[in-house]
Amino acid sequence: MAHISQISSFLSIVLIFLALCITLFTNPTLSLPALKLNPFQDFCVADLQATPTNSGYPCKSQVTSEDFFYSGLNTPLNTSNPKGIAANPANLLTFPGLNTLGISMYNVAIAPGGYNQPHSHPGVTEAGVVIEGSVLVGFLTTNYTLYSKVIGPGDMFVIPPGLIHYEGNVGKTQCRLLTVVADDLPSEVGVPHTLLATKPAIPNEVLISAFKADSKTINMLRSKFTA
C-alpha cells in the first residue's frame, strides 16, 4: 500500500507541474517574443563556459540528452537564516537547457513565520503549487488592490505579469512550494531593498515625502538593509 501511495503522490506532482506549464503558456498576455523562442532552431543549450553578450550565451556545439534533464530540485533546503527562506533554482544558470525557452522553476522552503519580501518579476508571469504546509500568497494590482489567500498542499496560485507579490509561512512547520516563472533567467525586484539599499542611496527627502516619515525613521529603516 505504501508503494501505491508513493506512485499516487508522484503522479499528483507530475499533473500539478503540467497544470503550471499550461497556465503559463496559454496566458494570453504571453507572446512568442516574450518567451524568447528562436524560430530558426529547435533549441539553444547555453554554453556557460563562453562569455555572454548582450544577446545572451551562445549555443553549445555538442549537445547530449543530459542537457535536457535536471535533478537539482530535490536538494535539501536550509531555512535557518535571517530571512527564513531558501530556494533551489532550475534556471538558465543551473539548467542550461532552458536557454531561450522562457521558463524556469524553483523549489522553495519557508520556515514558520518566514516571508519572501514583496517583490516583482518585471514582465513575466509566476505560478506555483504548495507541496507542504500553509502558505499566505498575495499580490498587488496597479490600482492598489490586494488579492491574497492562505493555501495548502495541492493548491495552486498565479501571479499576473510584473505585479508585486509575496509568500509567507503562516503554519507551525516548514512549508515547501514549487514555482514556475515564464523566463529562463527572471529578474527580481525586491521592494524594500530597492528603496532602502541602493547605491548611491535615494535621497532622504524623496523617501520622507513618499512615506510621510521623518529623517530619523528613514535612517532607521536603511540601517536594517544591506545591498
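Sequential numbering from 1 along the given sequence is applied to the chain's residues.
His165 contributes no side-chain N or O that, together with a main-chain N or O of Gly138, makes up a donor-acceptor pair within less than 3.5 Å. Here the side chain of Thr145 pairs no donor or acceptor atom with the backbone of Thr141 at under 3.5 angstrom. Distance alone, capped at 3.5 Å, places no donor-acceptor pair between the Asn116 side chain and the Glu167 backbone.
Once rounded to the nearest 0.5 Å, the distance linking CG of Asn91 with CG of Asn99 reads 11.0 Å. Rounded to the nearest 0.5 Å, atoms CG (Asn88) and CE (Met105) are 11.5 Å apart. A distance of 10.0 Å separates CG of Leu195 from CG of Leu221, quoted to the nearest 0.5 Å. Atom CD1 of Ile218 is separated from atom CG of Asn204 by 6.5 Å, given to the nearest 0.5 angstrom. The distance from the CD1 atom of Ile164 to the CD atom of Gln117 is 10.5 Å, given to the nearest 0.5 Å. Of the inter-residue distances, the one linking His121 atom NE2 with Glu188 atom CD reads 5.0 Å to the nearest 0.5 angstrom.
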_What verdict does the side-chain contact (heavy atoms from CB on, under 4.5 Å) test give for Thr142 and Leu163, after you've listed the backbone C-alpha separation in whole Å, the side-chain angles of each residue and the deciding distance to 0.1 Å?_
CA-CA 8 Å; Thr142 54; Leu163 296 185; 4.2 Å; yes
*Show your working on ring pair (Phe, Tyr, Trp, His ring centres under 6.0 Å) between Tyr166 and Phe139 and close with a plain yes or no.*
CA-CA 7 Å; Tyr166 56 85; Phe139 70 87; 9.4 Å; no
*Apply side-chain contact (heavy atoms from CB on, under 4.5 Å) to Ile151 and Val137, showing your working.*
CA-CA 8 Å; Ile151 57 178; Val137 179; 4.0 Å; yes
*Take Phe68 and Val63 through the side-chain contact (heavy atoms from CB on, under 4.5 Å) test and state the conclusion after the steps.*
CA-CA 9 Å; Phe68 302 100; Val63 175; 3.5 Å; yes
*List the steps and the verdict of side-chain contact (heavy atoms from CB on, under 4.5 Å) for Leu177 and Tyr106.*
CA-CA 8 Å; Leu177 55 155; Tyr106 300 81; over 6 Å; no
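By the 6.0 Å contact criterion, CG on Asn54 is open, its count of non-hydrogen atoms from other residues, nucleotides or ligands being 12 or less. No more than 12 heavy atoms of other residues, nucleotides or ligands lie within 6.0 Å of OH in Tyr147, so this atom counts as exposed by the packing criterion.
Taking all atoms of both residues into account, the shortest heavy-atom contact from Pro89 to Ala87 is CD-O, 3.8 Å. Nearest approach of Pro112 to Lys172, heavy atoms of both residues: CG-O, 3.6 Å. Minimum heavy-atom separation, Tyr57 to Ala50: CE2-O, 3.6 Å. Scanning all heavy atoms of the two residues, the minimum distance from Gly190 to His119 falls at CA-CB, 3.9 Å.
Hydrophobic clustering keeps Tyr115 apart from Leu77 (ILVMFWY residues linked when any side-chain heavy atoms are closer than 4.5 Å, directly or through intermediates).
Remark: Asp47 pairs with no residue by the salt bridge (charged side-chain N to carboxylate O under 4.0 Å, His left out) rule, at least two apart or across chains.
Two residues are said to be in side-chain contact when any heavy atoms from C-beta on lie closer than 4.5 Å; Leu178 and Ile131 meet this criterion. Proximity of Ser223 to Asn219: side-chain heavy atoms (C-beta onward) are nowhere separated by under 4.5 Å. The closest side-chain heavy-atom distance from Val181 to Ile103 is not below 4.5 Å. In this structure, Gln41 and Cys59 have side chains that are in contact, with non-hydrogen atoms separated by less than 4.5 Å. Residues Tyr70 and Thr94 meet the side-chain proximity criterion, which asks for heavy atoms closer than 4.5 Å. Between Val170 and Val150, some side-chain heavy-atom pair lies under the 4.5 Å cut-off. Put simply, the side chain of Asp184 does not reach to within 4.5 Å of the side chain of Ser104, judged on heavy atoms. You'll find the side chain of Pro122 reaches within 4.5 Å of the side chain of Val189, heavy atoms only.
Of the residues Val135, Ile85, Ile110, the one that meets the side chain to side chain contact (heavy atoms under 4.5 Å, CB included) test with Asn169 is Ile110.
Looking only at atom types and distance, the side chain of Asn74 has no donor-acceptor partner in the side chain of Asn107 under 3.5 Å away.
Between Phe69 and Phe95, the ring center distance fails the sub-6.0 Å criterion.
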